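Each remark here refers to the structure printed beneath this line.
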Amino acid sequence: MRSVRDFFSGVGFFVEGFGWVSRNGRWWVFGLIPAVIAFAVYVVALIFLGTNATELATFLTPFADSWSWREAFRAVVAVALFLGGLALAVLTFVALTLAIGDPFYERLSAAVDVLETEDDQPWWRTLPRSVRDSLVTLLFMLMFTVPLFALGFVPVVGQTVVPVLGAAVSGFFLTVELTTLALERRGMARKERFALLRANKATTLGFGVAVFLLFLIPFVAVIAMPAAVAGAALLVRTRLAPTPDPDPDPAP
């Protein structure tokens with residue numbers, strides 16, 4: 001029962017993030033800039049993948065040249081390639097947006113989560129570390145999502161169990177990405193951050209699954225990105241690493 005309460009508490013932090021950026025509209029606009037840039041990159045990439053999926057499927061399946069039903073088989077492979085690209089886009093959207101907008105989101109997170117003392121370093125020093133940590137997180141994520149993607153083709157299991165597990169895995173790693181800013185400001189390295197999130201697994205999943213499901217709607221992901229950053233900062237401040245609550249100055 002407590003796990004269920006903690007799960008919905010995590011969802012609530014995402015909702016609170018929307019509330020914060022709604023009250024501070026300039027920050028919402030401020031946080032949209034990197035998300036729009038990342039969204040444009042993914043749109044171009046997915047259009048390219050969609051228009052070339054059939055040719056790529058043919059290149060990847062030379063063994064099917066002699067099959068009488070090769071066209072149908074390659075059509076299925078092409079659809080799977082595009083859906084895989086779409087899933088990868090959803091999973092990496094946050095990482096790319098945070099990498100593009102590191103200075104933007106650091107300021108946004110700091111406005112939500114005001115600290116008296118923090119591990120403050122210039123963005124040009126933290127960016128390489130953030131990119132490296134994001135790549136490590138992506139590798140961990142792929143260790144789970146690639147097998148789940150393959151299991152998605154198994155009848156019944158692929159349509160019931162796999163989507164639930166996929167949402168949980170994706171949600172956890174999205175929370176890892178989104179809480180990085182606030183936890184790094186507290187001087188926490190990647191291993192410490194992972195340990196903290198695992199110790200608060202239900203809340204972490206509640207927040208991340210809510211973000212993941214909303215981010216499945218393409219343009220909504222752009223609109224919601226500043227709220228996700230704000231919600232993650234509130235999650236860290238209130239639940240993961242509680243701190244006193246001075247009055248923040250929301251002016252960007």
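Please read these numbers as outputs of a predicted model, since none were measured by experiment.
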Item to complete: Output the distance between atom CG (Leu216) and atom CZ (Phe212), rounded to the nearest 0.5 Å.
Response: 4.5 Å
Worksheet, complete the sentence: Ala57 and Val77 have their tightest heavy-atom pair at CB-CG1, 3.8 Å
Worksheet entry | For Thr61, all residues meeting side chain to side chain donor-acceptor pair (under 3.5 Å), sequence neighbours excluded | Arg74
Worksheet entry | Closest contact, heavy atoms only, Ala202 versus Asp6 | CB-CB, 3.7 Å
Discussion item. Over 60° means perpendicular and under 30° means parallel, so tell me whether Phe194 and Phe172 are parallel, tilted or perpendicular.
Written reply: tilted
Worksheet entry | CA sep, side-chain torsions, deciding dist, call: Val236, Arg185, side-chain contact (heavy atoms from CB on, under 4.5 Å) | CA-CA 11 Å; Val236 170; Arg185 293 173 59 236; over 6 Å; no
Practice prompt. Give the ring-plane orientation class for Phe14 versus Phe18, where under 30° counts as parallel, over 60° as perpendicular and anything between as tilted.
Written response: tilted
Item to complete: Please assess Thr175 against Leu235 for the test side-chain contact (heavy atoms from CB on, under 4.5 Å), listing each intermediate value before the final yes or no.
Response: CA-CA 10 Å; Thr175 306; Leu235 170 62; 4.0 Å; yes
Worksheet item: Side-chain heavy atoms under 4.5 angstrom apart, residues restricted to Ile, Leu, Val, Met, Phe, Trp, Tyr: same cluster for Ile37 and Ile47?
Response: yes
Discussion item. With a sphere of 6.0 Å drawn around CZ of Phe73, does it hold more than 12 non-hydrogen atoms of other residues, nucleotides or ligands?
Written reply: yes
Worksheet item: Out of curiosity, does Leu32 fall in the hydrophobic cluster containing Ile217 (side-chain heavy atoms, cut-off under 4.5 Å, transitive links)?
Response: yes
Discussion item. Under 4.5 Å between side-chain heavy atoms, counting indirect links through other Ile/Leu/Val/Met/Phe/Trp/Tyr residues: same cluster for Phe7 and Val15 or not?
Written reply: no
Worksheet entry | Close side-chain approach of Phe48 to Val44, heavy-atom, < 4.5 Å | no
Item to complete: Apply the test ring-ring contact (aromatic ring centres under 6.0 Å, His included) to residues Phe144 and Phe140: give CA-CA distance (whole Å), side-chain angles for both, the deciding distance (0.1 Å), then the verdict.
Response: CA-CA 7 Å; Phe144 291 95; Phe140 277 119; 8.1 Å; no
Discussion item. Contact between Phe59 and Asn52 at the side-chain level, heavy atoms closer than 4.5 Å - yes or no?
Written reply: no
Worksheet item: Does Ser109 reach the main-chain N or O of Tyr105 with its side chain, forming a donor-acceptor pair under 3.5 Å?
Response: no
Practice prompt. Show the numbers, then the answer: is there a side-chain contact (heavy atoms from CB on, under 4.5 Å) between Leu197 and Val176?
Written response: CA-CA 7 Å; Leu197 292 170; Val176 169; 3.6 Å; yes
Worksheet item: Would you say the side chain of Asn200 lies within less than 4.5 Å of the side chain of Thr204, judging by non-hydrogen atoms?
Response: yes
Worksheet item: Are Leu98 and Thr180 close enough that some pair of their side-chain heavy atoms sits under 4.5 Å apart?
Response: no
Item to complete: Answer yes or no: is there an ion pair linking Glu184 with Arg193, defined by an N-O contact shorter than 4.0 Å?
Response: yes
Worksheet item: Is a side-chain donor or acceptor of Ser9 paired with a backbone partner of Arg5 at a separation under 3.5 angstrom?
Response: no
Item to complete: Kindly give the heavy-atom pair with the smallest separation between Leu174 and Gly208, and that separation in Å.
Response: CD1-O, 4.1 Å
Item to complete: With rounding to the nearest 0.5 Å, note down the distance linking CD1 in Ile33 to OG1 in Thr97.
Response: 13.0 Å
Worksheet item: Just wondering, more than 12 heavy atoms not from Phe63 lying within 6.0 Å of its CZ?
Response: yes
Practice prompt. Look at the rings of Phe104 and Phe30 and say which category their plane angle falls in: under 30° parallel, 30 to 60° tilted, over 60° perpendicular.
Written response: tilted
Item to complete: Kindly work out whether a path of hydrophobic side-chain contacts (I/L/V/M/F/W/Y, heavy atoms less than 4.5 Å apart) joins Val209 to Val164.
Response: no
Discussion item. Count I, L, V, M, F, W, Y as connected when their side-chain heavy atoms are under 4.5 Å apart, and connections chain through other members. Are Val222 and Val29 then in the same cluster?
Written reply: no
Discussion item. Is a donor from one side chain sitting under 3.5 angstrom from an acceptor on the other, for Thr92 and Tyr42?
Written reply: yes
Discussion item. A side-chain contact here means heavy atoms from C-beta on lying under 4.5 Å apart; do Asp113 and Arg186 qualify?
Written reply: yes
Worksheet item: In Å and rounded to the nearest 0.5 Å, what is the CD to OG1 distance from Glu177 to Thr179?
Response: 8.5 Å
Response to the item:
Value for CZ (Phe215) from CD1 (Ile223), rounded to nearest 0.5 Å, stands at 10.5 Å
Worksheet entry | From CZ (Arg26) to CG (Leu108), nearest 0.5 Å | 13.0 Å
Worksheet item: For the residue pair Ala35 and Met225, what are the closest heavy atoms and their distance?
Response: CB-CB, 3.9 Å
Worksheet, complete the sentence: Closest non-hydrogen contact found for Phe82 with Leu49 is CA-CD2, 3.9 Å
Discussion item. Testing the basics here: between Phe93 and Ala221, what is the closest heavy-atom pair and its distance to 0.1 Å?
Written reply: CE2-O, 3.8 Å
Fill in: Step-by-step side-chain contact (heavy atoms from CB on, under 4.5 Å) determination, Arg239 to Leu234
CA-CA 8 Å; Arg239 178 62 59 85; Leu234 291 168; over 6 Å; no
